[in-house]
Structure formats: C-alpha cells, structure tokens
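Everything below concerns the one structure shown next.
We count residues from 1, following the sequence as given. Just so you know, these numbers come straight off a predicted model, no measurement behind them. Whatever order the structure lists ligands and atoms in, that order sets their numbers, starting from 1.
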Amino acid sequence: MGLLTGKNALIFGLANDKSIAWGIAQAFAREGAKLGFSYAGEMLEKRVKPLAAQLGVDFVEQCDVASDEQIAAVAEKAKAHFGEIDILVHSIGFANKDELQGYFYNTSRAGFHLAMDISVFSFVGLARAFQPMLRRGGALLTLTYYGSVKVAPNYNMMGVAKAALEASTRYMAADFGPQGIRVNAISAGPIRTLAAMGVSGFRDMHRNFAEMAPMHEHVTAEDCGNAAVYLCSDMSAHVTGEIHYVDSGYNIMAAPDPKGLKD
Ligand code: NAD
Ligand code: 0WE
C-alpha cells in the first residue's frame, strides 16, 4: 500500500518532463494516488498527453488560470470524473520577461497585475473552485522560491508575487483548517525547468547555489515530488500553513563557507 493509496490528486502546471509538476506526478503515482492533470494551453497538449499516458492518467484538461470560466469548467469536469478530490497541486508561475530583469521599480502596472494574477490569485481561485469537492484529510500545495524572502537578482516581480503566494498559503491554511484540509508550500532551490531556462543569469545563480548550500548539491524535481508526498499524505497530518524548504539547506546560510573549511 502506498502513502497516497485511495487519494485523488489533481496537478496543475505540467509543461514537460522537466516540470516540477512531473516530479510530483511520478512520486504521487508511485505512492498509489489516482491522478488528474491540467495544463495551460494547446501548445502543451502534445507534450502533456504522452506524459499522462505514461502514468495511465485519463483525466487531462486544459485550463488557463487567467480565466474564471476555465477554472470553473475544470472543477466541474473533475467533480464528474473523480467525485471528490483529496489533493490539489498548484505548480504555476508567470511574469512577463520584461519584469525579470533590470530595476524592480520599473515593473509596469500591467506586468505587476499579470504576475500576481497567474502566480498568486490562481492558487486562491483554484482553492475556491474546488472547495465544495475537497475531502476531509486533504491537502493543497503550491511551489515557491526564496526570492520571496530575500532579494534574488532579476527575480524581481516574481519575488514579490511569491511573497504574496506564501502569505496566501497561511491565510488559506487558516480558512481550510476547520474543514480538515491542510495548505502548504514547497520552497525549492533552482531547478533547470522550462520556466527557469528562459531567464538571464540563471546559469550563474544555479552554479553559485551548490557552492553556498551546506549540502553542495542541486535540487531535483524528484526531490520536490518526495517532499510533496509527505506534505499531501497523512504523514504530515497537522502540518499546515508551512513553507517547507527543499534547497540543500541554502536558506540557513548567511554567507558562503570559506573554501576547504568543511570539505
Ligand atoms: P514549468 O515551466 O515546467 O512550469 C510552470 C508552469 O506554469 C507551466 O506548466 C506553465 O504552462 C504554467 N502556466 C503559466 N501560465 C499559466 C496559465 N495562465 N494557466 C495555467 N498554467 C500556466 O517550470 P517549473 O520550474 O516546474 O515551475 C513550477 C513552479 O515551481 C512555479 O510556481 C515556479 O515558480 C516554482 N519554482 C520553480 C523553481 C525552479 O528553479 N525551477 C524553484 C522554485 C519554485
Ligand atoms: O519561479 C521561477 C520561474 C519564474 C518565471 C520564469 C519565466 C521565464 C520566461 C516566471 N515567468 C517567466 N516568464 C517568462 O517569459 N523560478 C524560481 C526559476 C527562476 O527564475 C528566475 C530565477 C529563478 C531561480 C528569474 C530570475 C532570477 C532567478
């Protein structure tokens, strides 16, 4: 018996086999969950459908989270297909490229709104749409990054959005607590995904990360999958509103260890 046997899990944010959502999907499948996937647009269908087939997933629905109608539609379809939902994973983030370079203060009003809408409100909107079909003992999970807490060069508008996402995690944990639903976030170290590779300076910061982190090792989507199993299973009963770091310990350091001191 797996840690998620008997649970229905919906995963939002699958783009390709590098996605953190894919690491989570594989770990959930291994632990016996019944899965459903949602992806952003038609462009991704040809990538997502084969991945779904690989895990024998037959609920695969398009949903642009910028649209209330599409969120309502996918919730409706999920209810028809699963009846009740135990786990909802939000692995979605987006800002315009202009907002991920230069001075943060140059962020436009429209760019600010877009990043907050897609990266933050969507978690709240999905939680609301799925609330009526969430089963007691269930869990909501999102993905965040340390740029919410400290300044990560170029992360800019996404850092501000992640700060709001983490606060939303706490407020929703308070809202859903009485229903026996937990709400948590994984704060992952840098991983070479589609969203990360389109970013200037990512390579340098990815390399610098492993030097600074106590474990001197990179984080993988598989690591996030295993942490997600914990946070969405009964193994973490009574853990809610937490930002759980999966970052080789990077966030505990105030300065890099002088070379050679500990290795
Ligand atoms: P990814 O590109 O594989 O996933 C991002 C997903 O967001 C894609 O599937 C994309 O289609 C989806 N998305 C964007 N706009 C959308 C919309 N309007 N409607 C629906 N979906 C939309 O990259 P990833 O790195 O796996 O990102 C997943 C999450 O992990 C994001 O929240 C990201 O901020 C977070 N994260 C990533 C890293 C990293 O270094 N890769 C580190 C920490 C946190
Ligand atoms: O959250 C993320 C990725 C966020 C992201 C990336 C893109 C690139 C392409 C959001 N929107 C877009 N829009 C695009 O058009 N990460 C945690 C990965 C990431 O992104 C960075 C990082 C890290 C780490 C951007 C700047 C600096 C560091």
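When non-hydrogen atoms are compared, ligand 1 lies under 4.0 Å from neither the backbone nor the side chain of N16. With a heavy-atom cut-off of 4.0 Å, S38 does not touch ligand 1 at all. Contact annotation: for K162 versus ligand 1, heavy atoms closer than 4.0 Å belong to the side chain alone. Neither the backbone nor the side chain of T142 comes within 4.0 Å of ligand 1, counting heavy atoms alone. Proximity of D64 to ligand 1, defined as any heavy-atom pair under 4.0 Å, is shared by backbone and side chain alike.
By the 4.0 Å N-to-carboxylate-O rule, K7 lies close enough to D234 to be salt-bridged with it.
Hydrophobic clustering places L231 together with L143 (ILVMFWY residues linked when any side-chain heavy atoms are closer than 4.5 Å, directly or through intermediates). L194 is not connected to W22 by any chain of hydrophobic side-chain contacts under 4.5 Å among Ile, Leu, Val, Met, Phe, Trp and Tyr, and they are in different clusters.
Residues E61 and S38 have side chains that never bring a donor and an acceptor to within less than 3.5 angstrom of each other. Using a 3.5 Å distance cut-off with no hydrogens or angles, the side chains of E217 and S248 do not pair a donor with an acceptor.
Under a 4.0 Å heavy-atom criterion, A95 is in contact with ligand 2. Ligand 1 lies nowhere less than 4.0 angstrom from a heavy atom belonging to S119. The closest approach between a heavy atom of S187 and any atom of ligand 1 is not below 4.0 Å. Residue-ligand proximity: P153 is placed with a non-hydrogen atom under 4.0 Å from ligand 2.
With respect to atom 38 (C) of ligand 1, the closest heavy atom belonging to the protein is I20 CD1, 3.9 Å. In terms of protein heavy atoms, atom 15 (N) of ligand 1 is closest to I118 CG2, 3.6 Å. Ranking the protein heavy atoms by distance from atom 35 (C) of ligand 1 puts L143 CB, 3.8 Å first. What sits closest to atom 7 (O) of ligand 1 on the protein, heavy atoms only, is I92 CA, 3.6 Å. The protein heavy atom nearest to atom 29 (C) of ligand 1 is S91 OG, 3.5 Å. Protein heavy atom closest to atom 18 (C) of ligand 2, with residue, atom name and distance, is A196 CB, 3.9 Å. Ranking the protein heavy atoms by distance from atom 25 (O) of ligand 1 puts T193 OG1, 2.5 Å first. For atom 4 (O) of ligand 1, the closest heavy atom belonging to the protein is G13 O, 3.7 Å. In this structure, atom 3 (O) of ligand 1 lies nearest to the protein heavy atom S19 OG, 2.6 Å.
Listed by number with element, the atoms of ligand 2 under 4.0 angstrom from any heavy atom of K97 are 14 (C), 15 (O). Short contacts between ligand 2 and N154, defined as distances under 4.0 Å to a heavy atom of the residue, involve ligand atoms 26 (C).
Not one N or O of M158 is nearer than 3.5 Å to an N or O of ligand 1, by distance alone. Checking only distances, I191 does come within under 3.5 Å of ligand 1, N or O to N or O.
Taking every heavy atom of both residues into account, I11 and A25 meet most closely at CD1-CA, 3.6 Å. Annotation for R47 and A15: closest pair CB-O, 3.4 Å, computed over non-hydrogen atoms. When all heavy atoms of I186 and A227 are compared, the pair lying nearest together is CD1-CB, 3.9 Å.
Taking the six-membered ring for Trp and the full ring otherwise, H90 and F123 have centroids separated by under 6.0 Å.
Under the 4.0 angstrom criterion, atom 43 (C) of ligand 1 counts as having a protein heavy-atom contact.
Looking at F209, Y155, F202 and measuring to atom 24 (C) of ligand 2, the nearest heavy atom belongs to F202. In this structure, of G189, S187, G201, A195, the residue bringing a heavy atom nearest to atom 7 (C) of ligand 2 is A195.
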